[in-house]
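Labels below follow one simple rule: chain letters A, B, ... track the order of the sequence lines, proteins then strands, and each chain is numbered from 1.
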Number of protein chains: 2
Amino acid sequence: MSFPDALNVLKSRSLPALVQEELERMIIDGRLLPGEPLREVALSALLGVSRGPIREAFRGLEEKGLVTVVKNCGVHVRTLDVDEADQIYEVRAVLEGMIGAKAAREIGPEGCGELRALIASMEEAVSGSDINRYTALNFHLHDRLAALAGNRKLHETYNRLVSELALFRRQTYVHNEASLALSLEEHKAIVSAVCTGDAERAAALLQAHTRDSRSRMHQVLDPADPIARSANTRSPE
Amino acid sequence: MSFPDALNVLKSRSLPALVQEELERMIIDGRLLPGEPLREVALSALLGVSRGPIREAFRGLEEKGLVTVVKNCGVHVRTLDVDEADQIYEVRAVLEGMIGAKAAREIGPEGCGELRALIASMEEAVSGSDINRYTALNFHLHDRLAALAGNRKLHETYNRLVSELALFRRQTYVHNEASLALSLEEHKAIVSAVCTGDAERAAALLQAHTRDSRSRMHQVLDPADPIARSANTRSPE
DNA sequence: GTATTGCATATTGTTGACAATCTTCTTGTG
DNA sequence: CACAAGAAGATTGTCAACAATATGCAATAC
């Protein structure tokens with residue numbers, strides 16, 4: 001990091017903000033698991049700050065829905081049950097439809113170039129059976145679509161729900177090479193609809209994609225579940 | 001407050017949580033205005049607590065989008081510009097459609113009774129030209145609809161956006177007796193569609209209602225604005 | 001008169017200390 | 001041996017003190 005960059009960080013970032021971001025990363029990428037306690041004193045030692053900023057960060061994370069704070073008992077990474085995950089998926093599907101429609105209407109050549117480059121990278125990841133890379137690109141593609149829809153509140157609202165889902169999806173995100181290939185085809189179709197300006201198709205494809213993801217979650221949890229049955233050979237998200 | 005209630009509050013509610021709720025009420029009901037600074041020391045004296053819990057509450061409010069926290073400069077009630085308000089309305093319209101459809105499908109006799117009672121109260125408020133009471137009932141009706149949709153994440157997502165809009169709407173919420181009467185008719189139609197299980201109509205009415213509200217906002221800000229022109233004789237929200 | 005510098009004040013950011021609460025372990029009793 | 005009570009330890013909640021930073025005002029220089 002250059003001196004100007006370091007100076008900028010020092011002047012604009014407080015300890016609570018930095019701590020909150022780090023803890024959020026740890027939660028989203030699985031270093032902190034649902035149900036796991038977050039100990040003020042241990043984190044204070046680990047991160048080299050006093051407990052005050054950690055307490056402040058906890059409040060932000062609580063409001064973001066990633067942790068639960070119980071007076072006198074401590075803070076835990078929040079656990080999400082299947083009912084709540086279902087509810088999130090239901091709302092997410094509607095928002096995905098909105099994202100697809102708006103992105104298809106608003107996108108320009110630069111945006112399409114970007115999405116197509118992401119698809120190309122995803123193709124490489126599938127060829128190399130690099131599941132981790134594919135997962136990261138998958139997330140990035142959806143994030144970019146939400147941003148290209150051109151409504152920041154929509155993007156934020158979507159991201160909030162997706163972050164909460166991360167508490168749950170990690171337990172149920174199971175895939176193999178066949179399902180990766182299928183997922184890639186779905187993403188290609190979505191990007192194609194968006195880049196040709198077909199708002200209705202883009203919306204429908206993204207909504208179906210979300211519903212598949214939800215069905216697949218149920219299949220992993222309970223193969224006999226009726227919702228899971230609709231996910232026979234669909235993509236793993 | 002009874003002793004058991006007071007004991008319950010004491011055992012389960014921390015100072016930061018109480019402070020956050022109080023500040024949020026002050027923001028939503030206009031006692032604290034957008035742009036207004038929130039001084040730790042002054043609030044500490046006012047609320048009778050030390051600065052630590054206040055700082056914690058600020059972090060929660062920041063994550064909720066109601067305040068901005070700038071390092072070394074302090075905390076201010078967030079100001080919302082018309083672009084952001086537009087974006088919120090756009091997302092809100094889609095969520096309202098979802099709420100209307102789901103409420104119409106899921107509602108039972110108790111829920112309908114509740115909504116009809118609220119409409120009756122709103123009729124009284126209109127008869128008595130009690131604008132404040134009508135406003136509170138109006139908000140309550142929308143909140144109950146969102147709850148009756150039967151998806152908690154949808155309700156929370158909707159509430160978050162509505163809370164943020166409160167930062168802006170207070171400046172633009174203008175009405176008179178004629179517009180109150182019109183608003184009441186719209187709400188009657190919405191409740192009627194929901195209670196007869198007409199999901200499509202309920203969704204369409206709620207979306208139109210939201211779009212009217214947005215248009216009206218623009219009319220107050222700039223009568224020559226093209227978006228405002230579509231709100232000629234519509235209801236004030 | 002204007003611009004710059006220095007100082008005082010107000011406020012924020014962080015830390016450590018103390019009190020309160022919960023959990024776990026140990027001891028005593030039946 | 002099982003259960004209850006008490007003590008110890010771990011942790012959280014809050015406060016006050018100190019350091020750091022921003023803002024406003026007065027004094028000085030050009």
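Annotation: side chain of H187(A) is in contact with side chain of N138(A) (closest heavy-atom distance under 4.5 Å). L61(A) places none of its side-chain heavy atoms less than 4.5 Å from the side chain of V75(A).
Among residues two or more places apart in sequence or in another chain, the side-chain hydrogen bond (donor to acceptor under 3.5 Å, both in side chains) test is passed with S14(A) by R59(B). Listed by chain and residue number, R144(A) satisfy the side-chain contact (heavy atoms from CB on, under 4.5 Å) test with E114(A) (two or more places apart in sequence, or in another chain). Looking at residues two or more places apart in sequence or on another chain, you find no side-chain hydrogen bond (donor to acceptor under 3.5 Å, both in side chains) involving S163(A).
For the pair I54(B) CD1 and dG13(D) P, the interatomic distance rounds to 17 Å; values are reported in whole Å. Protein atom NE2 of H76(B) is 9 Å distant from nucleotide atom P of dT12(C), rounded to whole Å. Separating the CD atom of E62(A) from the P atom of dT12(D) is a distance of 14 Å, rounded to the nearest angstrom. Rounded to whole angstrom, the span from the CD atom of E56(A) across to the P atom of dG13(D) amounts to 14 Å.
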Working note: M122(B) + S183(B), criterion side chain to side chain contact (heavy atoms under 4.5 Å, CB included); need CA distance, chi angles, decisive distance, verdict. CA-CA 10 Å; M122(B) 287 164 89; S183(B) 168; 5.5 Å; no
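Side-chain atoms of V49(B) lie closest to dC15(D) of the nucleotides dC15(D), dT14(D), dT15(C).
Across every non-hydrogen atom of A85(A) and F168(A), the tightest pair is CB-CD2, 3.8 Å. For the residue pair L167(A) and G65(A), the shortest heavy atom distance occurs at CD1-O, 3.7 Å.
Residues from residues 35-47 of chain B with heavy atoms under 4.0 angstrom of DNA chain C, sorted by number: L38(B), R39(B), E40(B), V41(B).
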Interface polar pairs with nucleotides 16-24 of chain D, N/O, under 3.5 angstrom:
| residue | atom | partner | partner atom | Å |
| --- | --- | --- | --- | --- |
| dT21(D) | O3' | N72(B) | ND2 | 3.4 |

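In the helix from dG1(C)-dC30(D) to dG30(C)-dC1(D), the rotation axis of the first five pairs and that of the last five pairs differ in direction by 10°, rounded to 10 degrees.
Under the 3.5 Å distance criterion, with hydrogens and angles disregarded, no donor-acceptor pair is assigned to the side chains of H218(A) and Y89(A).
The aromatic rings of H142(B) and H209(B) sit parallel to each other, their planes meeting at less than 30°, with 60° as the upper class boundary.
A salt bridge links R78(B) with E84(B): at least one charged nitrogen is closer than 4.0 Å to a carboxylate oxygen.
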